[in-house]
Amino acid sequence: MKALVWHGKQDIRCDKVSDPEIEDSRDAIIKVTSCAICGSDLHLFHNFIPAMMPGDIMGHEMMGEVVEVGADAKNKLKKGDRIVVPFTIICGQCDQCKRGNFSVCERSNRKKDLADKVFGHTTAGLFGYTHLTGGYPGGQAEYLRVPFADATHIKVPDSMTDEQALFLGDILPTGWQAAVHCDIEPEDTVAIWGCGPVGQMAIRSAVLLGAKQVVAIDCIPERLSMAAAGGAITINFETDSVVERLNELTGGKGPQKCIDAVGLEAHVTPSQPDTLMDRAKQAMMLESDRPHVLREMMYVCRPGGIISICGVYAGLVDKIPMGMAMNKGLTFRMGQTHVNRWTDGLVRRIEEGQIDPSFVITHTARLEDGPEMYKVFRDKQDSCIKVVLKP
């Protein structure tokens with residue numbers, strides 16, 4: 001089959017690889033009908049995430065048709081079922097899964113010993129990501145093996161198109177969880193850093209959850225325009241002071257809730273000197289991530305407020321003002337998304353027309369065009385915000 005394969009830094013190729021096979025009785029094989037390139041994939045593209053190996057198949061946003069089912073998955077799946085595959089692989093039976101903490105499933109990371117050493121305790125296995133999370137082949141391919149398939153799936157209603165359903169596997173529940181973590185109240189201002197695909201979903205989630213005002217912060221005109229269309233007040237950090245504008249919008253008190261939808265690759269700009277410092281430290285291997293957004297959120301957030309982090313961080317950050325956060329009494333909530341905790345409610349909201357996640361798609365291409373589309377997505381060429389690939 002064809003698949004997008006990681007060969008090193010900024011080197012993704014469309015290769016011929018072996019077709020997946022059933023390896024366990026709880027497995028299923030799907031024929032991928034749609035997959036997407038995620039901002040998290042760019043962290044791999046830039047080689048900021050450790051423990052990638054040449055030959056790894058990329059991709060963790062995918063859906064398709066079931067073509068083969070293991071004996072112990074047949075109680076939940078059958079050939080012909082149309083499913084979205086969450087990026088988190090879940091057993092559905094461990095203590096964490098029973099608590100709904102699916103992104104820290106205790107059984108699905110097949111390289112648990114490695115994760116235990118790096119993280120202290122293992123997290124869930126993830127598709128198309130680092131070997132710290134199992135090294136599972138991803139879904140930017142013609143076919144995909146789904147481990148623990150009886151638990152790791154979302155059935156798609158017949159009425160829903162691929163474009164409406166695809167993002168149930170990652171960016172929609174990621175944005176939703178980030179907003180839910182804020183405990184939004186009717187008088188709240190929610191400030192969201194980053195208007196990429198996850199940020200766009202967080203904006204609409206915060207609106208649906210009843211925030212008084214939602215403020216979106218970015219510098220890309222197309223992203224800011226999309227954020228405004230979703231109901232957000234926008235701030236271009238290259239032309240306006242984020243701190244001053246947020247104080248203006250909140251009567252000098254600051255937003256009650258702040259969401260980081262940027263993560264480790266914060267934009268580097270001379271107007272924000274700490275980003276230059278972070279980039280230099282990255283180059284000298286003194287720091288792995290650029291945490292400008294974290295610092296800014298901790299500074300502007302209202303005392304007693306909540307900071308919700310859905311942007312991916314990979315390793316070590318420096319110059320984090322913990323004294324500021326502690327004395328202001330800020331609450332931090334973060335983590336990879338517990339996808340299946342949210343999907344029943346989100347499917348209902350899509351069916352009822354409360355949200356149509358397909359709004360974020362700007363480019364659709366063939367799988368073979370994937371290597372070029374990685375560069376288009378990275379460089380924001382042709383007003384690119386979200387790429388969907390069709391194997």
Would you indicate whether the side-chain heavy atoms of [Y] and [X] approach each other to under 4.5 Å?
X      : Y      : result
Thr152 : Pro147 : no
Ile154 : Ile83  : no
Cys310 : Met334 : no
Ile233 : Arg245 : yes
Asn47  : Trp6   : yes
Val84  : His153 : no

Is there a chain of hydrophobic side chains (I, L, V, M, F, W, Y, each step under 4.5 Å between heavy atoms) that links [X] to [Y]?
X      : Y      : result
Met62  : Tyr143 : no
Val156 : Leu168 : yes
Tyr129 : Val198 : yes
Met373 : Leu166 : yes
Val293 : Met322 : yes

Ignoring hydrogens and geometry beyond distance, is a side-chain donor-acceptor pair present between [X] and [Y] at under 3.5 Å?
X      : Y      : answer
Gln213 : Thr189 : yes
Thr122 : Asn109 : yes
His131 : Asp56  : yes
Glu222 : Ser383 : yes

Apply side chain to side chain contact (heavy atoms under 4.5 Å, CB included) to Gln200 and Phe359, showing your working.
CA-CA 9 Å; Gln200 298 293 340; Phe359 78 88; 3.8 Å; yes

Evaluate the criterion side-chain hydrogen bond (donor to acceptor under 3.5 Å, both in side chains) for residue pair Asp382 and His363; output intermediate values, then yes/no.
CA-CA 9 Å; Asp382 191 29; His363 290 67; 2.8 Å; yes

So for atom [atom1], which belongs to [X], do other residues, nucleotides or ligands contribute more than 12 heavy atoms lying within a distance under 6.0 Å?
X      : atom1 : value
Met324 : CE    : yes
Arg348 : CZ    : yes
Tyr299 : OH    : no
Lys380 : NZ    : yes
Ile320 : CD1   : yes

What closest approach, in Å, do [X] and [Y] show between heavy atoms, and which atom pair accounts for it?
X      : Y      : value
Ile203 : Ala232 : CG2-CB, 3.9 Å
Met58  : Leu44  : CE-CD1, 3.7 Å
Gln140 : Asp41  : NE2-OD2, 3.2 Å
Leu144 : Pro137 : CD1-O, 3.5 Å
His60  : Phe127 : CB-O, 3.3 Å
Ile90  : Ala151 : O-CB, 3.5 Å

Taking salt bridge (Lys or Arg N to Asp or Glu O under 4.0 Å) as the criterion, tell me which of Asp150, Asp81, Asp344 meets it with Lys155.
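Exactly one pass, corresponding to Asp81.
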
Taking NZ, NE, NH1 and NH2 as the nitrogens, is one of them in [X] or [Y] under 4.0 Å from a carboxylate oxygen of the other?
X      : Y      : result
Glu61  : Lys386 : yes
Glu187 : Lys212 : yes
Lys281 : Asp318 : yes
Glu368 : Lys2   : yes
Asp369 : Arg366 : yes
Asp379 : Lys375 : no
Asp95  : Arg99  : yes
Arg223 : Asp218 : yes
Arg13  : Asp11  : yes
Glu163 : Lys390 : yes

Would you give the length of the straight line joining atom [atom1] of [X] to atom [atom2] of [Y], rounded to the nearest 0.5 angstrom?
X      : Y      : atom1 : atom2 : result
Ser108 : Gln96  : OG    : CD    : 11.0 Å
Leu294 : Ile307 : CG    : CD1   : 7.5 Å
Leu246 : Met297 : CG    : CE    : 11.5 Å
Glu248 : Asp240 : CD    : CG    : 8.5 Å
Leu346 : Trp176 : CG    : CH2   : 6.0 Å

Is the backbone N or O of Thr275 less than 3.5 Å from a side-chain atom of Arg290, with the two atoms forming a donor-acceptor pair by type?
no

Under 3.5 Å, side chain of Asn101 to main-chain N/O of Val104, donor-acceptor pair present?
no

Is the ring centre of Phe237 less than 6.0 Å from the ring centre of His267?
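Ring-ring flag for Phe237/His267: true, centres closer than 6.0 Å.
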
Ring centers of Phe45, Tyr374 separated by less than 6.0 Å
yes

Please determine if Arg341 forms a cation-pi arrangement with Phe102, meaning its NZ or CZ atom is less than 6.0 Å from the six-membered ring centre and no more than 45° off the ring axis.
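Negative - Arg341 is either too far from the ring of Phe102 or too far off its axis.
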
Is there a salt bridge (charged side-chain N to carboxylate O under 4.0 Å, His left out) between Glu21 and Arg145? Walk through the geometry before answering.
CA-CA 7 Å; Glu21 298 178 348; Arg145 180 178 77 92; over 6 Å; no

Between Tyr313 and Asp260, does a side-chain hydrogen bond (donor to acceptor under 3.5 Å, both in side chains) hold up when you go through it step by step?
CA-CA 11 Å; Tyr313 286 87; Asp260 175 359; 2.6 Å; yes

Test log, rule side-chain hydrogen bond (donor to acceptor under 3.5 Å, both in side chains), inputs His46 and Gln10:
CA-CA 6 Å; His46 294 142; Gln10 299 183 32; 4.8 Å; no

Checking Gln256 against Ile306 for the side chain to side chain contact (heavy atoms under 4.5 Å, CB included) test, could you report, in this order, the C-alpha distance in whole Å, the side-chain angles of both residues, the deciding distance, and whether it holds?
CA-CA 7 Å; Gln256 292 95 335; Ile306 294 175; over 6 Å; no

Side chain to side chain donor-acceptor pair (under 3.5 Å) partner of Lys257, the single match among Thr331, Asp183, Asp188:
Asp188

Before giving the answer on side-chain hydrogen bond (donor to acceptor under 3.5 Å, both in side chains), spell out for Gln177 and His338 the whole-Å C-alpha distance, their side-chain angles and the decisive distance to 0.1 Å.
CA-CA 8 Å; Gln177 177 172 292; His338 307 305; 4.5 Å; no

